Amino acid sequence: MEGSEQIKPELHKSTTGVEYISAGDIRDFEKSGDTYLFHSDNAVVSVQFLTPALFRFKLVRKSRPLQLEFSRVIEPAAAASRAEVVFTAHEDSYELKTAALTVTLTKAPFGLTVRDAQGRVISEDEANGYGWTKEHLLFSTKKAQGENYYGFGEKTGDLNKKGTVQSMWNTDVYAPHVPEIVELYQSIPFLLAAKGESVYGLFLDNPGKTEFDLNGGETYRISCHTGDLEYYFLYGPTMKDVVGQYTFLTGRMPIPPKWAIGYHQSRYSYETDLEVRELAQNFRNKEIPCDVIYLDIHYMDEYRVFTWHPTRFPQPQKLLGDLRKDGFRIVPIVDPGVKKDAKYIVYREGVTHEHFCKYLEGQTYTGVVWPGESAFPDFTNTETQKWWGAKHAGFVADGIEGIWNDMNEPAIFNETKTMDLEVMHGNDGDPKTHGELHNHYGLLMSKATYEGLKEQLDGKRPFVLTRAGYSSIQKYAAVWTGDNRSFWEHLAMSVPMILNMGLSGIAFAGADVGGFAHHTNGELLARWTQVGAFLPYFRNHSAIGFARQEPWSFGEEFEAVVKKYIEMRYVFLPHLYTLFHEASVSGLPVVRPLVLEYPQDPKTYNMSDEFLFGDSILIAPITQPGTDHRAVYLPAGTWVDYHTGEVHEGGRTILAHAPLDVLPMYVKQGAVFATGNVVQHSGEKQDITFHVYAGTGSYSFYEDDAETFAYQDGAYNLLRLEQRVEGSQLLLTWTEEHSGYESADQLTFQIHLQGGRTETHTVSKAAGNLAITL
Ligand code: GLC
């Protein structure tokens with residue numbers, strides 16, 4: 001017998017099509033403190049200027065309350081700052097003017113036009129571009145002619161995201177990462193729109209699912225599946241300015257401990273105490289430098305987090321102590337899933353103190369991950385973050401200073417790959433569904449981990465590595481790009497991915513060198529190690545069931561190349577550390593796409609197969625098998641082949657010869673950078689040599705104790721070096737901009753002169769200058 005079910009509404013298709021309701025026309029204005037509020041037919045809009053070139057825009061439907069507290073990812077200093085605004089009400093529009101921008105809000109149809117101080121249009125919304133359907137809040141802006149798009153954090157595909165659709169939903173993707181996969185582990189809803197040298201940024205602060213459709217002809221469209229429409233508009237004019245503004249807003253990476261930027265070795269898994277000891281011994285016997293060994297899930301007792309396997313790792317403290325004496329650190333993996341087991345203390349505590357995510361009705365949510373059925377801490381509550389952070393005390397007592405957070409999208413072994421969307425998050429008293437906060441989960445787990453470690457490490461800097469994240473993750477963790485494969489295509493793709501992460505605030509990023517899944521081979525490992533050596537995070541990691549890929553896995557020829565480039569990493573470590581310091585201060589990335597330094601050169605706009613290490617060392621990796629030549633585009637300037645000393649004029653493409661042991665590298669004339677001698681790990685003292693490529697340029701060399709927060713109290717050195725040519729002489733001068741840490745009295749310079757000629761000079765630091773005849 002049929003019941004009422006047969007006439008359910010969804011069985012009858014609507015004939016009205018998709019309904020779009022626009023925000024309507026602006027009817028009214030009010031000022032509340034330093035916030036400008038505009039009431040339209042169907043919505044309320046607020047605008048606040050935090051700096052003259054940075055404003056926050058928020059739109060809520062009339063039926064929803066307008067909450068103006070800043071989200072948890074906005075830096076308190078940014079949230080507290082305000083710029084001076086001159087407000088004018090016109091008949092058809094309102095105008096908000098600062099020293100840098102003029103924002104015009106037209107009343108009917110409603111939309112924003114942003115102009116720079118000279119009155120040039122930077123961005124213009126589509127008429128009636130703000131509105132909603134039943135499913136989405138939408139917003140459309142006109143594309144400017146010739147505009148290119150960057151940012152978006154960890155994404156597949158090329159550097160320039162023009163014509164693509166980017167979606168934000170942290171997802172555990174084991175299937176090969178290909179351009180059509182638009183959601184990976186991280187979500188950074190930050191777009192950089194670049195029109196030549198004029199660049200603006202748009203940060204959509206929404207941790208639910210959101211999309212950026214850059215594929216339309218005239219406009220691009222942004223949609224939010226949950227929450228309100230809240231974005232920050234950041235103006236440059238340069239891309240560097242926008243990255244600076246974005247990291248002012250969402251925070252900058254603290255300087256990592258130096259050991260965290262050395263070479264790291266991992267495998268899923270090094271399964272026993274003995275295996276780890278042998279691995280470490282192999283590195284030292286073969287004199288291949290290494291700072292860190294990772295422990296993947298097998299170190300645990302049936303994958304219970306914060307435990308050690310009783311027979312595989314019977315004496316963790318002893319193991320760690322012995323390895324530490326030999327210069328190694330151990331970083332264990334910690335996933336969020338807590339095994340459901342009434343005998344297990346972490347699970348018991350979590351249930352008893354209500355730390356786990358629950359359904360609205362009160363039942364704890366469980367999902368299946370490595371340990372089987374597991375509960376998931378609700379990191380949106382500060383109390384739970386503290387509880388989780390404190391759980392690391394045992395590790396710290398064992399000698400651990402770094403933690404690897406994985407599966408924190410959170411990944412669950414089910415069809416949706418994650419937690420039920422209706423699971424509730426306490427959110428410190430402002431409950432929200434998982435669907436609304438999904439992209440915050442990994443960020444908050446790493447925050448809890450970082451802060452917990454920091455509290456326990458007695459002044460030492462913690463290191464956290466994470467797979468999932470959201471804007472501001474850079475404050476807590478380095479990011480690796482998840483489960484790539486041992487494919488040449490994935491080596492190539494890792495470069496634009498990491499470059500865009502750098503433009504999105506994440507200066508400390510890298511991919512699994514050699515590839516995680518699938519079998520690698522000697523040639524791929526050698527070429528991948530060359531690239532990894534010059535990317536911010538440098539770890540070789542591979543999956544269970546696939547070929548081993550430690551440096552010595554493919555015979556002597558490949559081992560020699562791998563060793564050479566791991567050694568190069570250490571030779572460049574003093575410079576790399578200086579670049580990390582710069583990133584921590586300015587937010588600028590350690591590795592840079594050419595477009596960041598050469599925005600006036602259209603050839604750089606989608607250059608994805610070359611990058612800059614800092615601002616003056618160009619790296620052009622080989623990302624194809626059986627290849628010993630490649631085309632290298634050198635931008636404006638004079639460039640010196642790092643290996644041969646050959647000089648090339650820029651603004652053209654050259655053919656580089658790159659047999660297996662050569663990574664094409666070019667140093668810009670005028671560059672100065674610091675190197676050190678080869679060491680076996682970052683704890684060994686390095687003697688510094690400054691390389692000076694004769695010309696005009698400067699360098700600020702940074703050093704500190706490499707492992708504590710004493711630098712924050714002034715215990716660091718900043719040495720400013722400048723060079724210029726006067727007549728037939730090269731003049732090199734230096735001053736101590738800051739001197740708070742012990743350092744050498746002598747400075748050694750290697751001067752690179754015309755024709756590949758080099759001269760070495762060691763002089764007293766007190767001298768302050770050096771003149772060399774050219
Ligand atoms: C996930 C991680 C991978 C790790 C594995 C086992 O796939 O992305 O790096 O090795 O889990 O823990």
Side-chain angles (χ1 to χ4, degrees), residues 254-266 270 276-295 316-332 395-404 453-454 456-465 478 508 510 532-533 536-540 551 563 565-581 584 590 674-689 701-712 715-717 740-744:
I255 308 174
K258 206 180 223 174
W259 59 265
I261 62 171
Y263 174 72
H264 297 192
Q265 184 64 48
S266 185
Y270 296 124
V276 173
R277 286 176 189 272
E278 278 175 4
L279 179 80
Q281 204 49 56
N282 246 329
F283 273 101
R284 295 298 180 247
N285 290 347
K286 289 173 171 291
E287 297 188 349
I288 299 175
C290 182
D291 263 284
V292 182
I293 294 173
Y294 285 68
L295 297 182
Q317 209 165 45
K318 171 97 175 56
L319 172 70
L320 267 77
D322 291 347
L323 290 177
R324 192 68 199 81
K325 281 188 211 128
D326 217 2
F328 287 99
R329 278 168 171 96
I330 293 287
V331 171
F395 280 155
V396 171
D398 289 336
I400 278 167
E401 296 168 37
I403 292 289
W404 169 18
L453 287 176
K454 187 172 177 184
Q456 294 155 25
L457 277 173
D458 202 20
K460 281 197 193 152
R461 298 174 216 166
F463 167 66
V464 178
L465 176 70
F508 196 4
Y537 175 63
F538 186 25
R539 180 182 73 156
N540 173 323
K563 177 175 176 173
Y565 282 87
I566 294 176
E567 286 181 345
M568 287 259 276
R569 171 70 164 206
Y570 285 83
V571 167
F572 277 87
L573 204 60
H575 180 47
L576 183 63
Y577 195 60
T578 292
L579 293 174
F580 268 87
H581 165 256
S584 78
V590 169
T675 61
N677 51 304
V678 173
V679 285
Q680 294 308 301
H681 59 88
S682 66
E684 282 179 6
K685 195 181 165 312
Q686 287 186 292
D687 295 324
I688 303 297
T689 299
F701 174 61
Y702 177 83
E703 56 184 349
D704 63 16
D705 69 16
E707 61 169 351
T708 76
F709 284 99
Y711 74 91
Q712 293 183 342
Y716 66 91
N717 297 330
Y741 179 68
E742 71 197 67
S743 66

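Source: prediction; values computed, not measured. All residue numbers in this chain count up from 1 along the given sequence.
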Minimum heavy-atom separation for [X] to [Y], with atom names?
| X | Y | answer |
| --- | --- | --- |
| F508 | P536 | CE1-O, 3.6 Å |
| D326 | H681 | O-CD2, 4.0 Å |
| A397 | Q317 | O-NE2, 2.7 Å |
| V678 | V571 | CG2-CG2, 3.8 Å |
| S584 | P254 | CB-C, 4.3 Å |
| I400 | P332 | CD1-CG, 3.5 Å |

Practice item. For the pair I293 and L279, evaluate side-chain contact (heavy atoms from CB on, under 4.5 Å) and give the outcome as yes or no after the intermediate values. Key: CA-CA 9 Å; I293 294 173; L279 179 80; 3.7 Å; yes
Point to revise | Residues in ring pair (Phe, Tyr, Trp, His ring centres under 6.0 Å) contact with F328, at least two apart in sequence or another chain | key: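 F328 satisfies ring pair (Phe, Tyr, Trp, His ring centres under 6.0 Å) with no residue once adjacent residues are dropped.
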To the closest 0.5 Å, what do you measure between [atom1] ([X]) and [atom2] ([Y])?
| X | Y | atom1 | atom2 | answer |
| --- | --- | --- | --- | --- |
| Q265 | Y294 | CD | OH | 10.5 Å |
| E703 | E742 | CD | CD | 9.0 Å |
| D398 | L319 | CG | CG | 9.5 Å |
| I261 | F580 | CD1 | CZ | 5.0 Å |
| F463 | I403 | CZ | CD1 | 10.5 Å |
| L323 | Q281 | CG | CD | 9.5 Å |

Check your understanding: So with a 6.0 Å cut-off around CG of D458, is the heavy-atom count from everything else above 12?
Key ->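 No, because the 6.0 Å sphere around CG of D458 holds 12 heavy atoms or fewer from other groups.
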Practice item. Hey, can you tell me if W259 and H264 have their rings parallel, tilted or perpendicular (30° and 60° cut-offs)? Key: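 Because their plane-to-plane angle is under 30°, the rings of W259 and H264 count as parallel.
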**Study point:** Parallel, tilted or perpendicular, as decided by the 30° and 60° cut-offs, for the rings of Y702 and Y577
**Key:**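 Plane angle between 30° and 60°, so tilted.
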Can you tell me if [X] uses its side chain to pair, donor with acceptor, with the backbone of [Y] under 3.5 Å?
| X | Y | answer |
| --- | --- | --- |
| N717 | Y741 | yes |
| R329 | A260 | no |
| R461 | T708 | yes |
| N677 | D687 | yes |
| R324 | I330 | no |

Review point. Does the pair E684 and Y570 meet the rule for a side-chain contact (heavy atoms from CB on, under 4.5 Å), with working shown?
Key: CA-CA 10 Å; E684 282 179 6; Y570 285 83; over 6 Å; no
Exercise for review: List the steps and the verdict of side-chain contact (heavy atoms from CB on, under 4.5 Å) for D704 and H581.
Suggested key: CA-CA 10 Å; D704 63 16; H581 165 256; over 6 Å; no
Practice item. Using a strict 4.0 Å threshold on nitrogen-to-oxygen distance, state whether D291 and R569 make a salt bridge. Key: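 Salt bridge between D291 and R569, a charged N being under 4.0 Å from a carboxylate O: no.
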Check your understanding: Charged N to carboxylate O under 4.0 angstrom, D705 versus K460?
Key ->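 Looking at D705 and K460, the cut-off is not met.
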Review point. How far apart are the C-alpha atoms of K563 and E287, what are their side-chain angles, what is the distance that settles it, and do they pass the side-chain contact (heavy atoms from CB on, under 4.5 Å) test?
Key: CA-CA 8 Å; K563 177 175 176 173; E287 297 188 349; 4.0 Å; yes
Review point. For the ring pair F538 and Y263, is the centre-to-centre distance below 6.0 Å?
Key: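 They qualify: ring centres under 6.0 Å apart.
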Practice item. List for me each residue that meets side-chain hydrogen bond (donor to acceptor under 3.5 Å, both in side chains) alongside Q686, sequence neighbours excluded, and say none if there are none. Key: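 If we apply the side-chain hydrogen bond (donor to acceptor under 3.5 Å, both in side chains) test to Q686, skipping adjacent residues, there are no hits.
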